[in-house]
Amino acid sequence: MIARQQVGLATCTLGEVKNRADLVIFWGCNPRESHQRHQARYSASVKGQFIPEGRKGRRIVAIDVRPTSTTAAADQFIQVEPGSTFETATLLRALVAGKRIGIEEDAKVGGVPLHVWRELAEAIKAADYGVILFGLGVTHDRGHDLNVEELGALIREVNDYTRFYGLPMRGHGNVTGSNQVMGWQTGYPIAVNFNRGYPRYNPGEFSVLGLLAREEVDAAIIIATDPGAHLPGDSVAALQAIPTIYLEPHVNTTTGWATVVIPVAPAGVAAEGTFYRMDNVPLRVRKLVDSPFPSDEEVLRSIKETILHA
Amino acid sequence: MLRVTNGRVHDPGNAVAGEVRDVWLDGGKVVAEPAAEPADVATLDAAGCVVFPGGVELHSHVAGSKVNAGRIMCPEDHVDHYRCRTDVTRAGCGHTVPTTYLTGYEYARLGYTTLFEAAVPPLTARHAHEELRDIPILDTGCYTVMGNNHLVMKVLSDPDEERRAARLRDLVAWLLHATRAYAVKIVNPGGVESWKWHGGPVDLDTSVPPYGVTPRRILTGLAAAADELGLPHPVHVHLNHLGVPGNVAVTLASMQALAGRRAHFTHLQFHSYEATRSGSYASGAPAVAESINQHPEFTCDVGQLVFGPATTMTSDAPMEFRLHHLHKDKWANSDIEMESGAGVVPMRYSPRQLVNAVQWCVGLELMLLIRDPWRVFLTTDHPNAGPFVAYPMIVRLLMDREFRREWLEKLNPRVRRFTTLHELDREYTLDEIATVTRAGQARVLGLADKGHLGVGADADVAVYREQGDRERMFAAPAWVVKGGEVVVRDGEVVAAVDGRPLGVDLGDPPPLAADLAEQFESYSSVRLANYAVEDAYVPDQVLIPCAP
Amino acid sequence: MVVHEDVVCIHCGCLCDDLVVEVEDDRITKVKKACGIGRNKFLHAQSDTPVPSIAGREVGVGEAVAEAARLLRQARNPLVYGLSSTTAEAQAEAVELAELLGGCLDNVSSY
Amino acid sequence: MRTVTLTLKAEPPVSAEAEQLIPDVVAGKTAEEVRRLPLLVGNRRETVGDWFDVVVDEAEAAAPDLLLRGDLVRFKRLGEGMSRGAMVVEGRVGFHAGARMSGGSLTIAGDAGDFLGAHMAGGRIIVRGDAGHYVAAAYRGEKTGMKGGTIVVTGSVGQMVGARMRRGLVYVQGDAGDVAGYNMKGGTVVVGGAPAARVGARMVRGTVAVLGGEPLELLPTFSYACTYAPTFWRVVHHELARVGHAPRVGPGVTFRRYCGDVNEGGRGEVLAAQPG
């Protein structure tokens, strides 16, 4: 998210991956575990309009710090050292553009011999339509958003030779939607502060980890996310020290300690609305059954109205 | 009931040119003057003011995936441009890409009450409607991009002319209905698909993979389909080679190809460049204006350049990639499967830059050389050529040739060699301004109830205090009335009513043809059943009738 | 029994939209085509429901909402956070709530 | 010489924004006027007097125009945008201290938070302690960070010191975190100790001088160029000596020079001081 504010991101929808991608690089992600139908629907075995052979029509490369079922199923597995995403992407940029580099031919980058990266750079340029699908192994590696910024720069520069795109492997249901909605209503996808009555933005300053670490907030309302599963322990401890309101359809560790627990109808099961896919394609999720409880939308509106009329 | 009294009314649609008369509003409509003074009447005393119909914006980028990509990509655009929450308004920020709420307030504060988002790919149409719903005050609609759509190109590849036309008509109706859109948009026909194949820019007769159809066939086919369906608005065309010196050739050739059909050519400024011998920019405005003058079936909007920051965003992905190479700054791109693409690149236009100075002149030349104000409209292709908040300044440029001269002095002096603006003396009248900012747009959009103040028109009115400085005059209306309610007073939003979504009444269009449905199910990443936008996204959509 | 076709899965960012979900007596009984995690998500969607509570004391939803409003209004810098598994419509409400409160707003993609 | 002295009464429960507390604003004001200045504490509009004891008195010539006392770690934007005068904080400060500053001097006797001197255009900041991430950096989305002035941090700094800076001088006497000099367009960052990984990443122009010696964790897009004793270092040394923080490495020292980042044109340099 932050990275695209510096270099932007060249991307495409998943159907383009399916129909056109002849080179797919899974970088720091393991869709076979975390996004189980991704490869079959969009990115590997699926038959596309211009990749009629499906899996055989694509070259699949996996870059990761450890072997996984995704790396095992790839045509090539490049096992890198943790903390080397930035170096690797930097090197690939130079190799793709044919720039002079400052290391010897027998050197390793990210624990991988230079010639392997040279071959990958050539494969990237030779592809007709390549994509990098990147996951937490990139965004949570040393460097965080700078890794994405550097990958973004690589992707951009490869477009001087061929079509080449990057897609983040976004996790939970509608996290993409939260970026979109915040984007059109506040101008910023994350980390917004309204203390002055208008939106201000500064990740690190106004994002959840920093706010909790510095004890800058004195109450919290958490919606449709389990902080126990997402946040580090000291952040959870900081939440436990302040009044915390929790909207959640299921019992979990957080419902055990939150100051106020409000059960809600699960979205896409007992409440309808819009979800955004990882490639920003919006789809309508449905109400299949009734719930005894209101939806998140209804609860939030009630809270808002209670405050407005107080 | 509301009475706007004592104002000089400029209602070109009803041939009212500055006469002092009352305008009566009731039930969201303009009504005839009641026989007896009604008991419950509120009065706006517009003495010393001009009374216009509410403004109509027919080409702007305000909602949807690429606009939001622009917002998210450019926090630096928002930092110094913000509005706090008030009792009646939401907070917001952004200059060239404001948030949805701020977009609505800022348009309303200029006297606009109707707004169209100009380019929506079907796959992300829900997103566009979600944002349009969050644009307050204005009635809104959007256009569906079709010029690189696989189903469209597949149908057009049919050698049987009659079958091709019939199938395309059905497909266009189905796509418009599925996306709940208002009009057919064509963006760089064939050029976006070509880019996905590493192809270069396409000319009118370039065969575009994978279906081998030409931009000519895409243009003429879709224009005919729009005509035959009787859509209220004709095809809305962004031509090939946007922004490239020498593109006047493809512009004129495309007009030739469409001659005899209704067509709207958008942001024509970007398509009216001659090439100098060194390959740089010179004005092609006289030739393009002449072509528009000769073809009463054509309309256009100008896409006037505004000096300062802009954010370019279009479905014309290859054009954005080219722009990105000018500065090597941020670039966002999104190829959209089977349909389209999108690109976003931030820009800054400078009067000292010869190219920008030429572009600035070309826009004004078009506005001044096209004789019929009913067929040329004021736009900035917001935010591509600049933000819409510059409209009052552009109005002054059109109405005040001294002001134009002052500005010409500030430009790169070499611009005189490449443009004719300094030779043009025409000054727009208030009536002509009312035409190029609302009446003409409403007419070409087929919105019978918009852009005029006759009985039965929507009660959308903008009242401006007469001032010699037309920029100040149009920057802060005394009142803006939307649907009979005062929403702006002295340039500030005082009530944020909800606008209504606008669509076209296609009845129940035939389902997607079996072969196209099969193609869709095979190659789209979503099921056909989940493709069409549901009613929930366009609550109480106002459907404008078609006249096939 | 009602069979819902082409249902959009809510589990991960893939939003697979070809699920078949069978519902009997307002209970989801069968989920086809989903991955293992997605299927579980639907099958367990209606179980393990928490009760509305304030400081561990069971209350009605209305009372919980009132207490939530009171706590948030009192705060000098309340945080609105999460939003990963809910609808855009709910997310929009959360944005307005943060704006109204003059607090902070963040989602799970900031780290 | 008049000095406005503010002494913190109690730490606010959430962070406060104190961009009003600069010599430009308080100069010439009475104590009562200073007390009435607005202070945003979380979402509440309060006043300086709610949180500080305010004294305005005549002081010796060397005294600052504005003196703040107490642990101000919860106060953001101290010294932001100041253009003149001398401001001293006796204690820690929060984020954005001295950001967008264009003149005068800001002295912090304590640690500083992130974005110290971000977008700074002129003047001088001395921190007797550590500073956080993004010292002298650009805010999100912006192309250019610090454009002028001098920043000295006697302790260590976090990541991204000097990120996207164009002109000016930053001297960190201790160590620097990852990506020091990130995407610099010009100016100088001096690291007295050792920088962590990726020093100079995406540098376009400018200099990162490392006094703590090698080895450096350089990116593959940096190449060794030469070993030399640059005159430029004499100028930097002289300037740092002038503000009372002469580096222990002398003005005539030799450096190994590495050029990069070749992905951005390769006109930046990372210098590593040689022992002896």
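Basis for what follows: all heavy atoms, side chains included, without hydrogens, waters or symmetry-related copies. Proteins get letters first, then strands, A, B, ... in listed order; numbering begins at 1 in each. Keep in mind the model is a prediction, meaning the values are calculated, not measured.
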Between [X] and [Y], is there a donor-acceptor pair closer than 3.5 Å when you use the side chain of the first and the backbone of the second?
X        : Y        : value
A:Thr13  : B:Glu337 : yes
B:Arg126 : A:Pro282 : yes
B:His78  : A:Gly187 : yes
A:Lys18  : B:Ser524 : yes
A:Arg156 : B:Asp329 : yes

Among the options [options], pick out the one with the most heavy-atom pairs lying under 4.5 Å from chain B.
options                               : value
A:Arg196, A:Arg200, A:Gln180, A:Arg41 : A:Gln180
A:Asp160, A:Val46, A:Ile155           : A:Asp160
A:Leu14, A:Leu308, A:Thr162           : A:Thr162

- [ ] Flag this pair as yes if the NZ/CZ of A:Arg163 is under 6.0 angstrom from the six-membered ring centre of B:Phe321 and inside a 45 degree cone about the axis; otherwise no.
- [x]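 Yes, cation above the ring, under 6.0 Å and within 45°.
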
Tell me, do [X] and [Y] make a side-chain contact under 4.5 Å, heavy atoms counted?
X        : Y        : value
B:His198 : A:Tyr161 : no
B:Val67  : A:Trp184 : no
A:Glu16  : B:Asp335 : yes
B:Cys93  : A:Tyr201 : no

Please state whether the side chain, the backbone, both or neither of [X] comes within less than 4.5 Å of a heavy atom of chain A.
X        : result
B:Ser65  : neither
B:Ala536 : side chain
B:Pro210 : side chain
B:Asp134 : side chain
B:Glu130 : both

Identify which part of [X] has an atom lying under 4.5 Å from any heavy atom of chain B, answering side chain, backbone, both or neither.
X        : value
A:Leu9   : backbone
A:Asn280 : backbone
A:Arg277 : side chain
A:Thr186 : backbone

TODO: Can you establish whether the number of heavy atoms outside B:Glu518 located under 6.0 Å from its atom CD is more than 12?
DONE: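 Atom CD in B:Glu518 is not crowded, with 12 or fewer foreign heavy atoms closer than 6.0 Å.
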
Open item on the list: Does A:Asp22 have more than 12 heavy atoms from other residues, nucleotides or ligands lying within 6.0 Å of its CG?
Closed with: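 Correct, the count exceeds 12.
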
TODO: Of all the heavy-atom pairs spanning A:Thr274 and B:Tyr537, show the shortest one and how long it is.
DONE: OG1-OH, 2.6 Å

TODO: For residues A:Gly183 and B:Ile72, report the shortest heavy-atom separation together with the two atoms involved.
DONE: CA-CG1, 4.0 Å

Task: Interface residues of residues 125-133 of chain A facing chain B - non-hydrogen atoms under 4.5 Å apart - done: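 At a heavy-atom separation under 4.5 Å, chain B is reached by A:Ala127, A:Asp128, A:Tyr129.
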
- [ ] May I ask you to decide if the ring planes of B:Tyr82 and A:Tyr198 are parallel, tilted or perpendicular, using 30° and 60° as cut-offs?
- [x] parallel

Open item on the list: Can you classify the ring geometry of B:Trp197 versus A:Phe50 as parallel (below 30°), tilted (30 to 60°) or perpendicular (above 60°)?
Closed with: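 Aromatic pair B:Trp197/A:Phe50 classed perpendicular.
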
- [ ] Could you please spell out the steps behind the salt bridge (Lys or Arg N to Asp or Glu O under 4.0 Å) verdict for B:Glu193 and A:Arg20?
- [x] CA-CA 12 Å; B:Glu193 182 64 25; A:Arg20 297 178 196 263; 2.9 Å; yes

Task: Reported CZ-to-CG distance for the pair A:Arg286 and B:Asn530, which is rounded to 0.5 angstrom - done: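 Atom-to-atom, A:Arg286:CZ and B:Asn530:CG are 5.5 Å apart.
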
- [ ] Nearest 0.5 Å please: distance from the CG atom of B:Asn333 over to the CZ atom of A:Phe164.
- [x] 13.5 Å

Open item on the list: Please determine whether side chain to side chain contact (heavy atoms under 4.5 Å, CB included) holds for the pair B:Arg85 and A:Phe194, giving the CA-CA distance in whole Å, both sets of side-chain angles, and the decisive distance to 0.1 Å.
Closed with: CA-CA 9 Å; B:Arg85 185 186 174 90; A:Phe194 283 107; over 6 Å; no

